[in-house]
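Reviewing the structure listed below.
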Amino acid sequence: MASVRLYDYWRSSAAFRVRIALHLKGVDYTVIPVDLVANAQSSDEYLQQNPQGLVPALAAGQGPLLTQSLAILEWLEETRPEPPLLPRDPVERCRVRAMMQSIACDIHPLNNLRVQRYLVGPLGVSEADKLGWYHHWIAQGFGALEQQVTGVQYCFGEGLTLADVCLVPQMYNARRFQQDLAPYPKLVAITDYLEQLPAFAAAAPQGNAEA
Ligand SMILES: N[C@@H](CCC(=O)N[C@@H](CS)C(=O)NCC(=O)O)C(=O)O
């Protein structure tokens, strides 16, 4: 077993971010599957380790469990600086982090599994309205991001950054839920390019379905 262990679910876009970064940084890791559909994230065993009951979580060696994908991405960047996934310039770093956060903090939480379950369950929202909710929040977030990206192959400039690491999983989700992507040609082109890169392909849900 590798010393880095990732608590993972193959279709989790937050875990997908971390898988991409682990591959980009060349980190060998072992997957510990947490089946979200079967509610393994809410088991006593998992909650004892991660009281938030979310994936991803990551353990390295004898160290404590690390949670929250953006925090894990930053930890990876600090502990394994090559290849760099944040620009050197502080203003540019801030802009990349803003893109990361608009995806991970503003778009993703509104469409998370537990939110969808709460809409359909206690709130009695229909499947059609739930899908409308989903599309609404993706459209809000992607609409702004489409204007903010500065690159053609990458979200920011001419190099791969953590913004790209966040975009591709969110686009995977959007496609999975039949989002109309016509208004976001730049985001689609960036994703189509990135998905061909080995680290992104190796981390993709379809190749990690056993997790
Ligand atoms: N802010 C957290 C979000 C993690 C998260 O929401 N993970 C989802 C999968 S993408 C999850 O574990 N959902 C379980 C549930 O909704 O019950 C992060 O970035 O790590």
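Positions are given from 1 along the sequence. Both ligands and their constituent atoms are indexed starting at 1 by order of listing.
Tracing side-chain contacts under 4.5 Å through hydrophobic residues (I, L, V, M, F, W, Y), one reaches Val31 starting from Leu66; they form part of the same cluster.
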Contacts table for ligand 1: protein N or O within a distance under 3.5 Å of ligand N or O, distances only.
from, atom 1, to, atom 2, distance (Å)
ligand 1, 1 (N), Gln68, OE1, 2.7
ligand 1, 6 (O), Asn112, ND2, 2.6
ligand 1, 7 (N), Val55, O, 2.7
ligand 1, 12 (O), Val55, N, 2.9
ligand 1, 13 (N), Asn112, OD1, 3.4
ligand 1, 16 (O), Arg114, N, 2.8
ligand 1, 17 (O), Gln41, NE2, 2.9
ligand 1, 19 (O), Arg17, NH1, 3.3
ligand 1, 19 (O), Ser69, N, 3.4
ligand 1, 19 (O), Ser69, OG, 2.6
ligand 1, 20 (O), Ser69, N, 2.8

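Atom CD in Gln101 sits 12.5 Å away from atom CD1 in Ile107 (nearest 0.5 Å).
Salt bridge annotation for Glu127-Lys130: present, with a cationic side-chain nitrogen under 4.0 angstrom from a carboxylate oxygen.
The closest donor-acceptor contact from the side chain of Lys25 to the backbone of Arg80 lies under 3.5 Å. Looking at Thr150, its side chain does come within 3.5 Å of a backbone N or O of Gly157 through a donor-acceptor pair.
When side chains are defined from C-beta on, Trp133 does not count as touching Gln116, because their heavy atoms never get closer than 4.5 Å.
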